[in-house]
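Take a look at the structure set out below.
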Amino acid sequence: MNDLEFFYAKKINIAEFQNDLISWFEREQRDLPWRKNKDPYRVWVSEIMLQQTRVDTVIPFYNRFMEWFPTLEEFADAEEERILKAWEGLGYYSRVRNLQTAAREVRAAYNGEVPDTPEEIAKLKGVGPYTAGAILSIAYGKPEPAVDGNVMRVLSRILLIKEDIAKPKTRKVFEAAVRELIDHDNPSFFNQALMELGALICKPSNPACLLCPVQQHCQAFEEGVQTELPIKIKVKKSRTIPLVSAIITNEKGEYLIHKRPSEGLLANLWEFPNFEIHTSLLPKREFFQAEFKALLGVIPVIQQHITKIDHVFSHLVWNVDTFAGMIDTEIDGRKLAENHYKWVNTVELEELAFPVSHQKMLKAYLEQR
DNA sequence: AAGACGGGGCC
DNA sequence: GGCCCAGTCTT
């Protein structure tokens, strides 16, 4: 049985389903800042921010982002430090760097107009199948599927689809379903309604089926198995990385900070000096001093232990011991620069983007001084 | 196909 | 403590 036959075996009244879903959305949709108009740039930014991130988290970031960068042009021209600061605390920081790369591409190749074809828009950095469909449908009214986690959950229940949604190829099954179901007169509301339903009614646990506008179309509800769907197999292991860190100041009250590499975890963000602990031969503060001396040529004075932080990422855990320290001798400026360290005052400190873990360390430090 | 890539809210 | 979130990129 191929996907299409699989789908038609579900016998659903498509016109009624569309009407029940969209009329519910028209009544109940939330008032969200990116729904003010259909400006493709605004829709695009919202979709990038919303990747793996809840609506309530995104709202304040989105509003500030639009104040800082009201147009694609202004965003394309912005300094990288500034766009990272706009994203500070949101996570998945490559999103905003890819977004700027893509915005510059739009300016160079498309005269500043976000393209409106699947082929062109999918080429943009950071725009995958979901985001392409979301922009095309919401900003341009094109009947393209926008399959995210919500849509897979909602449709797995309505159509009783039992494939593992953790598998990459499964998304295609749902895209085929959406292509059959989507309302060609209002693809924007259809796609948004599916996601809104997933967020407000058809939730991962305790779905509010009694309030559901498409309950009578839902095969999982009919069979009483809605809480067993979707099927998701994936297991993820996460490893723990022990780190030792110190917030180090000099006589001028400046802080020593380090810029992370341009690739990998927290790329291009700033942080306080820290080292991964790969030996238990030395106590942590002596280990820090040894690593610091090897890198920058001087030994910092370590004053006191500040805090121990467990910071959980999606794929690993940082276990960070943080000390307070100071430097009373000059560090070779060349060594600082080539290792991406620099001294900053408190004003500069606030203008640079730090991971939340390091914000927590600074907060604990300031509360103990 | 599987892993890297953040952070927070909810149960 | 685990799951999930308006996913994408790299390998």
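Every value quoted in this text rests on a predicted model; they were computed, and no experiment measured them. Below, chain A is the first sequence line, B the second, and so on; all start at residue 1.
- Rounding to whole angstrom units, CG of residue A/Leu155 and P of C/dA6 are separated by 14 Å.
- To the nearest 0.5 angstrom, A/Gln18 atom CD is 11.0 Å from A/Glu16 atom CD.
- Separating the OG atom in A/Ser156 from the CD atom in A/Gln219 is a distance of 11.5 Å, to the nearest 0.5 Å.
- Atom CG in A/Leu32 sits about 11 Å away from atom P in C/dA6, given to the nearest Å.
- When the P atom is compared between C/dC3 and B/dG3, the two are found 15 Å apart, to the nearest whole Å.
- Remark: A/Arg95 engages A/Ile48, A/Gln51, A/Thr53, A/Trp87, A/Leu90, A/Tyr92 in a side-chain contact (heavy atoms from CB on, under 4.5 Å) (not counting sequence neighbours).
- Nearest nucleotide to the side chain of A/Thr131, out of B/dA1, C/dT8, C/dA6: C/dT8.
- When rounded to the nearest whole Å, the span between NZ of A/Lys203 and C1' of C/dC3 equals 15 Å.
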Original post:
What is the per-nucleotide protein-contact pattern of nucleotides 6-11 of chain B, from the 5' end, where B denotes a base atom under 4.0 Å from a protein heavy atom, S denotes such proximity for sugar-phosphate atoms only, and - denotes neither?
Top reply: BBB---

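- Contacts between residues 36-45 of chain A and DNA chain C, counted as heavy-atom distances below 4.0 Å, involve no residue at all.
- Atom C1' of nucleotide C/dT8 and atom CD1 of A/Ile48 are separated by 9 Å, given to the nearest angstrom.
- Within 4.0 Å of A/Arg35, counting heavy atoms only, lies at least one base atom of the nucleic acid.
- As rounded to whole Å, 12 Å separates atom C1' of C/dG7 from atom CD1 of A/Ile165.
- On the P atoms, C/dC9 is 24 Å away from B/dG8, given to the nearest whole Å.
- Geometric assessment of A/Arg42 against the ring of A/Trp44 yields a negative cation-pi assignment under the 6.0 Å and 45° thresholds.
- The OH-C1' distance, from A/Tyr62 to C/dA6, rounds to 13 Å in whole Å.
- Aromatic ring pairs are classed by plane angle as parallel below 30°, tilted from 30° to 60° and perpendicular above 60°; the pair A/His258 and A/Tyr341 is tilted.
- A/Arg97 places a side-chain heavy atom less than 4.5 Å from the side chain of A/Leu84.
- For A/Pro168, the listed nucleotide lying nearest its side chain is B/dA2; candidates were B/dA2, C/dC9, C/dA6.
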Using a 3.5 Å cut-off and no angle test, enumerate the donor-acceptor pairs between side-chain atoms of residues 195-205 of chain A and protein atoms at least two apart in sequence or in another chain.
{"from": "A/Glu196", "atom 1": "OE1", "to": "A/Arg30", "atom 2": "NH2", "distance (Å)": "3.0"}
{"from": "A/Glu196", "atom 1": "OE1", "to": "A/Arg35", "atom 2": "NH2", "distance (Å)": "3.0"}
{"from": "A/Glu196", "atom 1": "OE2", "to": "A/Arg30", "atom 2": "N", "distance (Å)": "2.9"}
{"from": "A/Glu196", "atom 1": "OE2", "to": "A/Arg30", "atom 2": "NE", "distance (Å)": "3.1"}
{"from": "A/Glu196", "atom 1": "OE2", "to": "A/Arg35", "atom 2": "NH1", "distance (Å)": "3.2"}

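- For the atom pair A/Leu32 CG and A/Tyr62 OH, the distance stands at 10.0 Å (nearest 0.5 Å).
- Screening A/Glu351, A/Glu88, A/Glu81 for a side chain to side chain donor-acceptor pair (under 3.5 Å) involving A/Trp270 leaves a single residue, A/Glu81.
- In the set C/dA6, B/dA2, C/dT8, C/dA6 carries the atom at the smallest distance from any side-chain atom of A/Met195.
- As a whole-Å value, the separation of A/Lys232 NZ from C/dG2 P is 15 Å.
- B/dG9 and C/dT8 are spaced 23 Å apart, taking the C1' atom of each and rounding to whole Å.
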Mind listing the side-chain donor-acceptor pairs of residues 220-231 of chain A below 3.5 Å, one per line with the distance, residues two or more places apart or on another chain?
none

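- The separation between A/Tyr130 atom OH and C/dT8 atom P is 8 Å, rounded to whole Å.
- At a non-hydrogen distance threshold of 4.0 Å, A/Asp148, A/Gly149, A/Asn150, A/Arg153 from residues 141-154 of chain A come into contact with DNA chain C.
- Of the C1' atoms belonging to B/dC5 and C/dC4, the separation is 16 Å, rounded to the nearest Å.
- Each of A/Lys125 and A/Val55 has a nearest nucleotide on DNA chain C; the 5'-most of these lies closest to A/Val55.
- Using a 30° and 60° split on the angle between ring planes, A/Tyr41 and A/Phe75 fall in the tilted class, from 30° to 60°.
- Counting only distance, with no hydrogens or angles, the side chain of A/Gln303 and the backbone of A/Phe323 share no donor-acceptor pair below 3.5 Å.
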